Amino acid sequence: MAATTQHADVVIVGTGHGGAQAAIALRQHGFDGSVLMIGRDDAPPYERPPLSKEYLAGDKGFERIMIRPEKFWAEKDIALRLGAAVTAIDPAAHTLTLGDGGLVSYGKLIWSGGGDPRRLPVPGAVLPGVFYVRDKSDADAMMQALADGAKRAVVIGGGYIGLEAAAVLRKLGCEVVLVEMLDRLLARVAGEELSTFYAEEHRRQGVDVRLGAGVHSVLGDGKVTGVRLDSGEEVACDMVVVGIGIVPAVAPLIAAGAAGSSGVDVDEYCRTTLDNVYAIGDCAAHANPFAGGAVIRLESVQNAHDMANTVAKAIMGEKEPYRALPWFWSNQYDLKLQTAGLSLGFDATVLRGDPESRRFTVVYMKGGVPIAFDCVGTMKDYVQARKLLESGCGRIDPAVLADPEMALKDLI
């Protein structure tokens, strides 16, 4: 039976970081109209990054990864419609169609749908025991498999999700084989210094890292028993974890006529080409000033959070263009990696410190100008690097940057 029609002055699709922050920011900026959040998850808004780290490891229970206590939303008069998927948008009528056939009408729409894990396109990939990490139910299913005795895992993908999952699985006592089709880890987001360091670190921790290795198929009869590589080798396992990127969840927007190819296009105020429809977070393709104006998508908490603030201000008539320095982080074993800026198009790198010490910084340069910093265990570098990049610094002598005793704040 279809749900009854609802209306809200602002409807937010997505209950992750971006959607939650959009609702919070609207109230913080004095918006007194009705706000409705629609989410595919059955649970109230929670953080996604810990799913492949602290939550999976059992270090944090669900209550500790909730963005706000459940009662917060009612106290702020923010309605939640959970376990609901938006299947269509009528931009002329300002309505959304939900999976159960119900209609929701909106004054303004904020789309924070994020993305869906890219599926492994090989035979056997739908077998029980193949896991992706998008939401709580995915992590819960992995935890159940481990509780049921899974001890051998193949992790497919050498990006941050795959590496974080591999680190947690090793902590939990699993044998782990990590398979990456490219010739180094983190190849799409980092330079060779960082790739080499993390490959050596994971091997030191007992992970069998296979580079330049493609997956031919997943093996099993009723459940996963192994993975066959393109080389013909078969790797026995009890579970497979896939982390090979995401597909932006924007199909209803594009079908409704919004512009976009990789994700949905937005302007400097996060507006789509549809009237009164904004998009934020992982799915929003925007011209980023820290990428030389290139149109990109950023898959980060920072981006979702700051775009949400931009939209809340725009709705309240306080239009400020989105111009936030990108930053990211990754926890693996006892290592904390913090990244400031975007290394897209770098033409040189400078190494500050010694990777053997497990405390160092990689500086990415373009035309002699620092554009990004990867900081491993160097919090001071990270904090000062953010200020340096935000200052719009010019050319800096690589020899000066390479001296770890030189404070980055002194180069502003």
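Residue numbers run from 1 in the order of the sequence given. Just so you know, these numbers use all the heavy atoms, side chains as well, and skip hydrogens, waters and symmetry mates. Please read these numbers as outputs of a predicted model, since none were measured by experiment.
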Mind checking the [atom1]-[atom2] spacing from [X] to [Y]? Nearest 0.5 Å is all I need.
X	Y	atom1	atom2	answer
Q302	M307	CD	CE	9.0 Å
C375	R359	SG	CZ	10.5 Å
L36	I110	CG	CD1	11.5 Å
L411	I396	CG	CD1	5.0 Å
I280	S112	CD1	OG	4.0 Å
T349	E192	OG1	CD	8.5 Å

Selection [range] - residue pairs positive for side chain to side chain donor-acceptor pair (under 3.5 Å), sequence neighbours left out:
range	value
residues 166-191	D59-K171, R184-S195
residues 246-264	S262-R297
residues 390-412	none
residues 34-52	D9-S34, R40-D116, D41-Y46, D41-R48, S52-E164

Looking at side-chain heavy atoms only, is the closest gap between [X] and [Y] below 4.5 Å?
X	Y	value
T361	L408	no
R358	D334	yes
P49	V301	yes
L178	L163	yes
M66	P44	yes
P248	V264	no

Can you name the residues that form a salt bridge (charged side-chain N to carboxylate O under 4.0 Å, His left out) with D306, not counting sequence neighbours?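 Salt bridge (charged side-chain N to carboxylate O under 4.0 Å, His left out) check on D306 returns nothing, list empty.
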How would you list, by chain and number, every residue that makes a salt bridge (charged side-chain N to carboxylate O under 4.0 Å, His left out) with D267, sequence neighbours excluded? R271
Side-chain donor or acceptor of D374 paired with backbone N/O of T339 under 3.5 Å: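 Pair absent, no side-chain N/O of D374 close to backbone of T339.
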Do any side-chain atoms of residues 11-25 form donor-acceptor pairs under 3.5 angstrom with protein atoms, and if so which ones, sequence neighbours left out?
| residue | atom | partner | partner atom | Å |
| --- | --- | --- | --- | --- |
| Q21 | OE1 | H305 | NE2 | 3.3 |
| Q21 | NE2 | N309 | OD1 | 2.9 |

Among L186, N331, L185, whose side chain to side chain contact (heavy atoms under 4.5 Å, CB included) with Y160 holds? L186
E233 atom CD: more than 12 heavy-atom contacts under 6.0 Å: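 Yes.
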Go through it in stages, so that I can follow the logic: the residues are Q332 and E201, the test is side chain to side chain contact (heavy atoms under 4.5 Å, CB included), and I'd like the CA-CA distance, side-chain angles, deciding distance and then a yes or no. CA-CA 9 Å; Q332 298 169 46; E201 179 65 24; over 6 Å; no
Looking only at the side chains, is there a donor atom on one of Q144 and D140 sitting less than 3.5 Å from an acceptor on the other? no
Do any side-chain atoms of residues 119-127 form donor-acceptor pairs under 3.5 angstrom with protein atoms, and if so which ones, sequence neighbours left out?
none

What pairs with N288 under side-chain contact (heavy atoms from CB on, under 4.5 Å), at least two apart in sequence or on another chain?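 N288 satisfies side-chain contact (heavy atoms from CB on, under 4.5 Å) with H286, F290, A291, I296, L298, Y322, P326, L342 once adjacent residues are dropped.
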Under the criterion side chain to side chain contact (heavy atoms under 4.5 Å, CB included), I'd like the reasoning laid out for R27 against D77: C-alpha separation, chi angles, the key distance, then a yes or no. CA-CA 9 Å; R27 293 298 188 228; D77 196 21; 4.0 Å; yes
Apply side chain to side chain donor-acceptor pair (under 3.5 Å) to D208 and list each qualifying residue two or more places apart in sequence or on a separate chain.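 With neighbours one apart ignored, the set is R210.
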May I have the step-by-step check of side chain to side chain contact (heavy atoms under 4.5 Å, CB included) for I65 and K136, ending in yes or no? CA-CA 10 Å; I65 69 169; K136 178 178 177 291; 6.0 Å; no
Can you give each donor-acceptor pair under 3.5 Å made by side-chain atoms of residues 91-99, sequence neighbours left out, with the distance rounded to 0.1 Å?
| residue | atom | partner | partner atom | Å |
| --- | --- | --- | --- | --- |
| H94 | ND1 | P91 | O | 3.0 |
| H94 | NE2 | N276 | ND2 | 3.4 |

Kindly write out the residues that satisfy ring-ring contact (aromatic ring centres under 6.0 Å, His included) with F360, not counting sequence neighbours, or none if the list is empty. F197
Hey, mind stepping through T272 and W111 against side chain to side chain contact (heavy atoms under 4.5 Å, CB included) and telling me if it holds? CA-CA 9 Å; T272 72; W111 188 275; over 6 Å; no
